[in-house]
Enquirer: 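I have a structure I would like to understand better, so I am pasting it below and will then ask my questions one at a time.
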Number of protein chains: 2
Amino acid sequence: MYTQAEENYLKVIFTLQKVKEEPVNTNLIAEKLSTKASSVTDMIKKLSAKKLLSYQPYQGVMLTKTGRSIALKVLRKHRLWEFFLVDKLHFKWDEVHEIAEQLEHIQSDSLVDKLDYFLGLPKYDPHGDPIPDKAGNFTGEELISLKDMEIGERGILKGLKDSSNVFLKYLDRKNMVIDDQIEVVEIENFDRSVLIKTNWETFYISEQVAKNLLIKRKSDEL
Amino acid sequence: MYTQAEENYLKVIFTLQKVKEEPVNTNLIAEKLSTKASSVTDMIKKLSAKKLLSYQPYQGVMLTKTGRSIALKVLRKHRLWEFFLVDKLHFKWDEVHEIAEQLEHIQSDSLVDKLDYFLGLPKYDPHGDPIPDKAGNFTGEELISLKDMEIGERGILKGLKDSSNVFLKYLDRKNMVIDDQIEVVEIENFDRSVLIKTNWETFYISEQVAKNLLIKRKSDEL
DNA sequence: AATTATTTTTAGACTTATCTAAATTTATTT
DNA sequence: AAATAAATTTAGATAAGTCTAAAAATAATT
């Protein structure tokens, strides 16, 4: 069993490591955890002694297999709880993060599995981040930004990059919700605005909006 | 905001105070929290400094109004989460306690309220303990043991004193579930066994079983 | 390559919550 | 009421996690 502090370090290091494959440096971790570099060094030594990460002084850290699997478990719990909060308790997307930060540390394997099942084994959290399965694998495909889709491509709206209130309200007015089907009809060369066709209507969205819509590509097998 | 340790002390002191109205003594608290008397003294001083309880050395403690209201909040969360685990995630009654011990410390007022609403504003947890409402009041009536009911009385099964697996299995075989209506038809003087009538059938239960069934008395207003 | 700047680590201190062992107070017996 | 027992508190220690300030190592610059 690991402490909340340990879990938070592992989680942050995992997400930082995903961005660039190099060792993660102390200051970055400190910044993400709103703590001081000296505290990070202390904790890093502890986690290194527990073989959750490998650490050469002054050279940054990399998670071991064990460390990564713990991080993935925490991430899984975080995203499942976020899904629960939005889907079942009807929280807004931008209200759930700090609550999920607490819930992700609840210890009980059976709880996670039952929750997963109760929610219908979701593949993405409300922000479009993929939810690892029990084994730590991401089974859902990567989501892409709508602005990277090509003309004629279809997909399903699965998440948002920006979940601010203004943006949510905008989507509301356009009657767009998660799991909507979207087809790219046209891309305007001048301002990169996109003509999209939803289940209900066809309309233009600006590049800024397109950038913030996360889409699961429609697989051709259908 | 209070630490988990503080909340646990307040919760335990509250429940001990309910049993007998006198000040709660150090050793009892230590026993319930599986800690040492000296640790309890330390924490008591801290809580007393925060005016969450009143404390005269060697004379035990009593919660202040503030202390009581915090304890009630924790209790409310504990019981709502227990209800969630059993009712939504289909945990067995005897598996939920230690998970609820963790969940009860999640900090978010809106979470508690939304959870309460999501669950349908339940009045009792799966063990038949009453769930305080937002204001800290118990709106459901006290539950009584079936063995204290009189002939002809009717009520609703709302909880169990014993939630061991054997007992749950027994109830299962008798097709008894929460919210069943039960009427006391006869009480056998010899062994205090009780003839009860459920929605489905009429049968005898032993005094031991009757003792462990918690009933909400049927109000006459119907 | 030498100097400066940045990053990281060490050293020592603080807080929370716990413990053991000894001292003190209260309760119980003879 | 004196002696013993039980309960409670104090004193001093420990572990986790954090901090500040100073030292050491690495990176960047002239």
Side-chain angles (χ1 to χ4, degrees), chain A residues 1-13 16-17 19-20 22-63 67 70-71 74 101-102 104-107, chain B residues 1-14 16-17 19-20 22-63 67 70-71 74 98 101-102 104-107:
Chain A
M1 225 77 313
Y2 304 94
T3 66
Q4 297 202 182
E6 289 172 331
E7 289 190 342
N8 283 334
Y9 274 88
L10 293 172
K11 185 186 60 171
V12 161
I13 293 167
L16 289 174
Q17 206 172 261
V19 181
K20 40 195 200 89
E22 299 150 42
V24 183
N25 48 316
T26 309
N27 265 352
L28 242 183
I29 300 171
E31 195 201 327
K32 288 283 173 193
L33 285 168
S34 309
T35 182
K36 295 295 154 71
S38 56
S39 309
V40 174
T41 304
D42 285 347
M43 180 58 94
I44 275 173
K45 285 182 186 167
K46 198 172 146 191
L47 295 174
S48 175
K50 291 190 179 182
K51 299 206 188 303
L52 301 177
L53 46 79
S54 60
Y55 162 60
Q56 297 289 89
Y58 296 98
Q59 303 304 307
V61 298
M62 290 191 71
L63 293 183
I70 295 163
V74 178
E101 288 284 301
Q102 300 178 62
E104 72 188 5
H105 300 295
I106 302 294
Q107 304 281 5
Chain B
M1 224 78 317
Y2 304 94
T3 66
Q4 297 201 180
E6 289 172 332
E7 289 191 343
N8 282 334
Y9 273 88
L10 294 172
K11 185 186 60 171
V12 160
I13 294 166
F14 176 85
L16 289 173
Q17 207 170 263
V19 181
K20 41 196 200 85
E22 300 150 41
V24 183
N25 47 316
T26 309
N27 266 349
L28 243 183
I29 300 170
E31 196 201 325
K32 289 282 174 196
L33 285 168
S34 309
T35 184
K36 295 296 154 69
S38 57
S39 308
V40 174
T41 305
D42 285 348
M43 180 59 93
I44 275 173
K45 285 182 187 166
K46 197 171 145 192
L47 295 175
S48 174
K50 291 189 180 183
K51 298 206 189 304
L52 301 177
L53 46 78
S54 59
Y55 162 59
Q56 297 288 91
Y58 297 96
Q59 304 304 308
V61 299
M62 291 191 70
L63 294 183
I70 294 162
V74 178
E98 54 176 332
E101 287 285 301
Q102 298 178 62
E104 71 188 7
H105 300 295
I106 303 293
Q107 305 279 6

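These figures come from a predicted structure and were not determined experimentally. Sequence lines set the chain letters: A, B, ... in the order given, protein chains first and strands last, and positions in each chain run from 1.
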Enquirer: Would you classify A:A5 as touching base, sugar-phosphate or nothing, given that sugar-phosphate means primed atoms plus P, OP1 and OP2, and contacts are heavy atoms under 4.0 Å?
Expert: sugar-phosphate
Enquirer: Rounding to an integer number of Å, can you tell me how far B:N8 CG sits from C:dT18 C1'?
Expert: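 It is 14 Å, rounded to the nearest whole Å.
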Enquirer: If the cut-off is 4.0 Å, is A:Y9 near the phosphate of D:dA16, judged by side-chain N/O to OP1 or OP2?
Expert: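 For D:dA16, neither OP1 nor OP2 has a side-chain N or O of A:Y9 closer than 4.0 Å.
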Enquirer: Please state how far atom CD in A:Q4 lies from atom P in D:dA15, giving the value in whole angstrom units.
Expert: 22 Å
Enquirer: Which listed nucleotide (D:dT26, C:dT9, C:dT18) is nearest to the side chain of B:S39?
Expert: C:dT18
Enquirer: Any idea which of C:dT9, D:dT10, D:dC19 is nearest the A:D42 side chain?
Expert: D:dC19
Enquirer: Take atom CD of A:Q59 and atom C1' of C:dT9, then tell me their distance rounded to the nearest Å.
Expert: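 After rounding, the gap between these two atoms is 13 Å.
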Enquirer: Please determine if B:K11 and B:E6 form a salt bridge, counting it only when a charged side-chain N lies under 4.0 Å from a carboxylate O.
Expert: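 Looking at B:K11 and B:E6, the cut-off is not met.
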Enquirer: Would you please test B:Q102 and A:Q102 for side chain to side chain donor-acceptor pair (under 3.5 Å) and show each step?
Expert: CA-CA 10 Å; B:Q102 298 178 62; A:Q102 300 178 62; over 6 Å; no
Enquirer: Tell me: NZ of A:K45 to P of D:dA16, nearest whole Å?
Expert: 14 Å
Enquirer: Can you list, in residue-number order, the parts of residues 25-36 of chain A that come under 4.0 Å of DNA chain D, counting heavy atoms only?
Expert: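 A:T35, A:K36 - these, ordered by number, are the residues of the stretch whose heavy atoms sit under 4.0 Å from the strand.
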Enquirer: What residue among A:V61, A:T35, A:L52 forms side-chain contact (heavy atoms from CB on, under 4.5 Å) with A:Y9?
Expert: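 By the side-chain contact (heavy atoms from CB on, under 4.5 Å) criterion, A:Y9 pairs with just one of A:V61, A:T35, A:L52: A:T35.
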Enquirer: Show the nearest heavy-atom pair for residues A:L63 and A:A71, with the distance to one decimal.
Expert: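 Scanning both residues completely, I find the closest heavy atoms to be CD1-CB, 4.3 Å.
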Enquirer: Does A:K50 NZ have over 12 foreign heavy atoms under 6.0 Å away?
Expert: yes
Enquirer: Report the distance from atom CE of B:M43 to atom P of D:dT9, rounded to the nearest whole Å.
Expert: 15 Å
Enquirer: Report the nucleotide, chosen from D:dA21, D:dA25, C:dT18, that has the shortest atom-to-atom distance to any side-chain atom of A:S38.
Expert: D:dA21
Enquirer: Is the closest side-chain donor-acceptor distance between A:E101 and A:Q4 under 3.5 Å?
Expert: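 No pair is found: no donor N or O on one side chain lies under 3.5 Å from an acceptor on the other.
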Enquirer: How close or far is atom P of D:dA7 from atom CD of B:E22, stated in whole angstroms?
Expert: 15 Å
Enquirer: Looking at every non-hydrogen atom in both residues, tell me the closest pair between A:A37 and A:A30 and how far apart they are.
Expert: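 Scanning both residues, the minimum pair turns out to be N-CB, 3.8 Å.
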